[in-house]
Every structure is written in C-alpha cells, then in structure tokens.
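What follows is one structure encoded as structure tokens, with my remarks underneath.
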Amino acid sequence: MGQSNIDLTGQVAIVTGGTRGLGRVVAGRLAACGAQVTVCGRNAPDDLPAGLAFHAADVRDPDSARALVDAVFARHGRIDILVNNAGGSPQAPAATASPRYFDAILRLNLHAPMYLAQAAFAHMQPARRGSIINIASVSGIRPSPMTAAYGAAKAGLLNLTQSLAQEWGPDGVRVNAIIAGLMQTEMSGATYGDAAAQAAVAQSMPLQRMGTGDDIAGAVLWLCSDLSAWVSGARINVDGGGERPYFLDLVKGD
C-alpha cells in the first residue's frame, strides 16, 4: 500500500464496488489517511482491510442506493466523499446485444452514479462541502468495440460529471472524474489474455506498464483533499500516457 501525507481524519467516505479490485485499494487508502470508509456490494466479502465497514446494497436500484447513503449518514452524521467506482461490462457484439444487456450496463455504469450522487448531495449541500469522484474509463473517450454500451455509459458519466459540477458548485460540492486507462487487476486475464499478452500490452504504453489500484487511489486522495479545492468538473486521465495509436505500427520506417 502506498504512503500519503494527506490527512482525511474525521471525514466520511463511501466507495462503491469497494469490496474487490481497484475499489478495494481505493477504500483502503482512504482509510489509511484517516477517513471512515464504507464499501458496498450485493454480497458481503469474506474479508476486508482494517478500517472498512460493509453495507449491502444494489447501487443500480435507486431506493437501495439512497438507503446506503442515508445509513452511512445516520451512523456518522456526515458524508464528505463519494467514490462512484462500481462498474464494468462483459463483451457483447453491438449487432446482437439485447435490450436487457444494454439496459443493465447503463444502469450500473451511468444510472447508479447519478442515484448515489443525488443521495450524497442531499447531505453534502447543508454542510456546503463534499467531493464526488466518478471513476470513468478511456472507453468513454475513444471507440469501445465489443463493449459499446459500456463506452457509451462512461461517455455519459463524463458529461454528467461536468453538469453536476456546474449545478452543485455554488453549494460547495465538487464533482470530478478519473479516466482510468488499462488497469492490472485480478480480472486482467479475462480482459487482456495470458501473462505474455499482458506484458505486451504493458510494453506498448509510454510508462511501460498497466495501471494499478494505487495509481487510481493517488488521484482519488488528491481530489478528496484541500490540495484540489479549486478543481471541479475535471476529467483527469490516469492512463500512463495513453494508448499507442495503432496506425503507428502499420507505418514503415525509412
């Protein structure tokens, strides 16, 4: 776990999808900086890092999302940070993807962040302080073949971020997005292939590696802190310099 000098003592945070993967790392780093952190999921995990509390919730359901936020507020009397991290998508050809599939992907990746942001804002507005961070993806800023619904949802999330920042800024609530690049997680094999394929992907990137949970967590911590007090509506790329343009591999050198 990376170290940080950011002090979030006394602050209360919610991290959706925080029981595993990138969200678990983000939640752990927030707790290490002193925040009281609640993570959520439909099922309780077998274990959690020290300092994290679990609340069962289906964030795709507006009533469940609101109940999660209200329960955290009732327990702590405040909500300072919301990290909308839950998301993802299996692959599906756009030509044959069912309406049910498309709706499910949008509900998780776009609707849920809106439901949670609304619920959190209701408690942040009276305090005139809060930081909402939406975890987006490079799929939302470039073509996303085989995950078209996911790319569309993440593009919508980026627009939602900027719209909420405009509406809620006068109430002291900041809303920002992190555009995550190609990440190394426990699901990397299903996404990128075997170890050799993952190594090739890593070497194709300017910083010669894929991202980790700590990379995302570092950006989250900054956006939660007063160091970013005048940052709202931002789209922050955490992508190792971006993906190499494919056409460069097709151009022959002299």
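Note that the coordinates shown come from a computational prediction; the quantities given were computed from them, not determined experimentally.
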Gln162 side chain to Arg235 side chain, donor-acceptor N/O pair below 3.5 angstrom: yes
Any salt bridge between Asp63 and Arg66, counting N to O under 4.0 Å? yes
For Ser232 and Arg174, indicate whether the former's side chain and the latter's backbone hold a donor-acceptor pair under 3.5 Å. no
Do Val12 and Val72 come within less than 4.5 Å of each other through their side chains, counting heavy atoms only? yes
Salt-bridged, Arg24 to Asp47, with N to O below 4.0 Å? yes
Please round to the nearest 0.5 Å and tell me the distance separating atom NZ of Lys154 and atom CG of Leu160. 11.5 Å
Are Gln36 and Gln11 linked by a side-chain donor-acceptor pair shorter than 3.5 Å? no
Between Asn85 and Thr16, do the side chains contain a donor N or O and an acceptor N or O under 3.5 Å apart? no
Out of curiosity, Asp80 CG to Ile14 CD1, how far, rounded to the nearest 0.5 Å? 10.0 Å
Determine whether Pro90 and Tyr150 make a side-chain contact, defined as any pair of heavy atoms from C-beta on separated by less than 4.5 Å. no
Atom pair CG/CG of Leu110 and Leu157 - distance to nearest 0.5 Å: 6.5 Å
From CZ (Phe121) to CD (Glu167), nearest 0.5 Å: 8.5 Å
Quick one: does Asp171's side chain have a donor or acceptor within less than 3.5 Å of a partner on Val173's backbone? no
Gap separating the NE2 atom of His123 from the CZ atom of Arg78, nearest 0.5 angstrom: 13.5 Å
Measuring only between side-chain heavy atoms, which start at C-beta, is Ile179 closer than 4.5 Å to Ser137? no
Quick one: does Met146's side chain get under 4.5 Å of Pro93's, heavy atoms only? yes
Is any side-chain heavy atom of Thr38 less than 4.5 Å from a side-chain heavy atom of Arg75? yes
Quick one about Tyr115 and Ser64 (side-chain donor to acceptor, distance below 3.5 Å, no hydrogens or angles considered), yes or no? no
Set of residues satisfying side chain to side chain contact (heavy atoms under 4.5 Å, CB included) with respect to Asp215, sequence neighbours excluded: Arg209, Thr212, Val238
With Val220, the side-chain contact (heavy atoms from CB on, under 4.5 Å) member among Asn176, Ile81, Ile178: Ile178
